[in-house]
Protein chains: 2
Amino acid sequence: MESKKKTILPLSPVPLYTQIKEILRTRILDGTYKAHEQMPSESELTRSFDVSRITVRQALGHLQKEGLIFKIHGKGTYVSQPKAFQNLGKLQGFGEAMASMGYETFSQVVSFKVIPADKIVAKKLQLTENDMVSEIRRVRYLNRAPISLDVSYLPRTIGERLIKEDLAHRDIFLILENDYGYSLGQAELQIEAMLADESLGRLIQLEEGAPVLRIERLTFTTENQPLDFEYLYYRGDAFQYRLRVERGRI
Amino acid sequence: MESKKKTILPLSPVPLYTQIKEILRTRILDGTYKAHEQMPSESELTRSFDVSRITVRQALGHLQKEGLIFKIHGKGTYVSQPKAFQNLGKLQGFGEAMASMGYETFSQVVSFKVIPADKIVAKKLQLTENDMVSEIRRVRYLNRAPISLDVSYLPRTIGERLIKEDLAHRDIFLILENDYGYSLGQAELQIEAMLADESLGRLIQLEEGAPVLRIERLTFTTENQPLDFEYLYYRGDAFQYRLRVERGRI
DNA sequence: TATTACATCTTGTCATAACAAGTAAGCATA
DNA sequence: TATGCTTACTTGTTATGACAAGATGTAATA
């Protein structure tokens, strides 16, 4: 009855529910709790971790939001079928996403300009037309083959700072977060199909008229300030954009 | 001190936090609380709604998840900058999504077959190869112009039931949920760009070689059973697939 | 036998309470 | 003046307790 299962540290700076969440996540991933099996009930977890039910429910709630478990009212909590890409659907930079799948990537900066914002860019970044913005064009390589052209628009000063960084090997997202202290929240994407023109084809080694995936991405801070507006042109044959969406409650 | 602000019904079947959430959502949308303004603090809301702080936090938590508000530890809760498409990124059927934007849509069933599952379909729906599945091909129209070809694979019996429904005007998603009682959870999407071939071009009135957005969508129930596997071929020029993603905590 | 009622699991909702921790402004001190 | 402390706000975390409501098996009843 008194056997504490793991090292829960009530005085740790990391909240109890986070610690419990991580322990449960580990147990799910290592097979202690298997797919479609019932997890211990909330009251069992309350006893075994020696915390309150609120704390257990907070941990389970986060795991549910991440898709690792699901609950059925009156029955119990169950482990979800594992998915090939468990954590997609979240906002990731290209390098981040590829690195997590074990691919080797790097980028080549093909141009950097400080230019007046056109109508579209100004609107997206909530600036006035002709305000100066930084435009960074990069070609992304996956396993040494060119795969996309990224055109990023950022507020002038941020871009001028970014261009001095190691953009060949580091994601803009990670630099903005880790080095500059921005907290990235949501992004809006628009996706469409188009044909490569001559200049795009030259950059990512496609023939004119080859299919291209064109993604518009506007990234916001957690305070909902637009920070980064990008056009991503992906080779249609070489890449598949994967994500997960949830059905909203009606 | 005793002025109850709105009609909160403690005995209603709809939870208090949901009622409060809807009231706050209304106030945000009608401008009572404006973008980037601070909302009333949790303790103020606790007093004005005469509920506990847990209930207020539950309501605010949901609004935060929906992106309407954001919180700053130690400072307060703020209204987010409103977005053009507030609730996207959730799983919606085509008609559902278009109807919510005020477009007129209908579908035309071009074929219905019961066929043995090929390798890919069997794997996606977690069946054995050559198990019989239903294949439904539909052309979607937006404002009377063809915009996409949807090829849906479902377990045989579900498809045979669906084909008797009014698929011209009702989404498969909504029928599965409202009429058949399935609870839809997450979906996996893969998106790529390709060129229309002759038969696809004929169906959605494109010339051979025109750019097409090809989406693979596998939809799961909340119990993570795969239910519906679809290929969606969108005209690249006529439609933009919009969504919102969140940055996951690291 | 078939149905109903009950007991007992489960998760869902809500109240009250306390303390931690981040923010910011004002005040006292060096 | 500049620095640091106090205080009063905010949201974040956690405990304890209670009842509602859905699911399910068992026992009592028709």
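We name chains A, B, ... by the order of the sequence lines, and we start the count at 1 in each one.
- The side chain of B:R57 contributes an N or O atom lying less than 4.0 Å from OP1 or OP2 of D:dG12.
- The distance between atom CG of A:D50 and atom P of D:dA15, rounded to the nearest whole Å, is 8 Å.
- Between A:R27 and A:E22 there is no salt bridge, since no side-chain N of the basic residue sits under 4.0 Å from a carboxylate O of the acidic one.
- Between B:G74 and B:S52, the residue anchored closer to the 5' end of DNA chain C is B:S52, taking for each the nucleotide with the nearest heavy atom.
- Under the 3.5 Å distance criterion, the side-chain polar atoms of B:K124 are left unmatched by any main-chain donor or acceptor of B:V121.
- Per the geometry, CZ belonging to B:R47 stands 16 Å off C1' belonging to C:dT16, to the nearest Å.
- A sub-4.0 Å separation between OP1 or OP2 of C:dC9 and a side-chain N or O of A:S43 is absent.
- Atoms CD1 (A:I72) and P (D:dA21) sit 20 Å apart, rounded to a whole Å.
- Computed from coordinates, the B:H73 NE2 to D:dT13 P distance equals 8 Å when rounded to whole Å.
- Atom CZ of B:F49 and atom C1' of C:dA15 are 17 Å apart (whole Å).
- At least one side-chain nitrogen or oxygen of A:T55 sits closer than 4.0 Å to the OP1 or OP2 atom of D:dA15.
- A salt bridge does not link A:E135 with A:R156: every distance from a Lys NZ or Arg NE/NH1/NH2 to an Asp or Glu carboxylate oxygen is 4.0 Å or more.
- Looking at A:R53, its side chain comes within 3.5 Å of the base of C:dG12 through a donor and an acceptor atom.
- Atom-to-atom, CG of A:L16 to P of D:dT13 comes out at 11 Å; the value is rounded to the nearest Å.
- The phosphate of D:dG12 has OP1 or OP2 within less than 4.0 Å of a side-chain N or O from B:K71.
- Of the side-chain N and O atoms in A:Y17, none sit less than 4.0 angstrom from OP1 or OP2 of D:dT14.
- Between the CD atom of B:Q58 and the C1' atom of C:dC14 there is a distance of 8 Å, rounded to whole Å.
- Atom CD in B:Q64 sits about 11 Å away from atom P in D:dT11, given to the nearest Å.
- Salt bridge present: B:R170 and B:D179 bring a charged side-chain N and a carboxylate O closer than 4.0 Å.
- We find that A:E42 and A:K71 are joined by a salt bridge, their nearest charged nitrogen and carboxylate oxygen being less than 4.0 Å apart.
- Summary of the strand contacts: A:K75 and B:P40 both lie near DNA chain D, and taking for each the nucleotide with the nearest heavy atom, the more 5' one is attributed to B:P40.
- Contact check, A:S41 against C:dT10: a side-chain N or O comes under 4.0 Å of OP1 or OP2.
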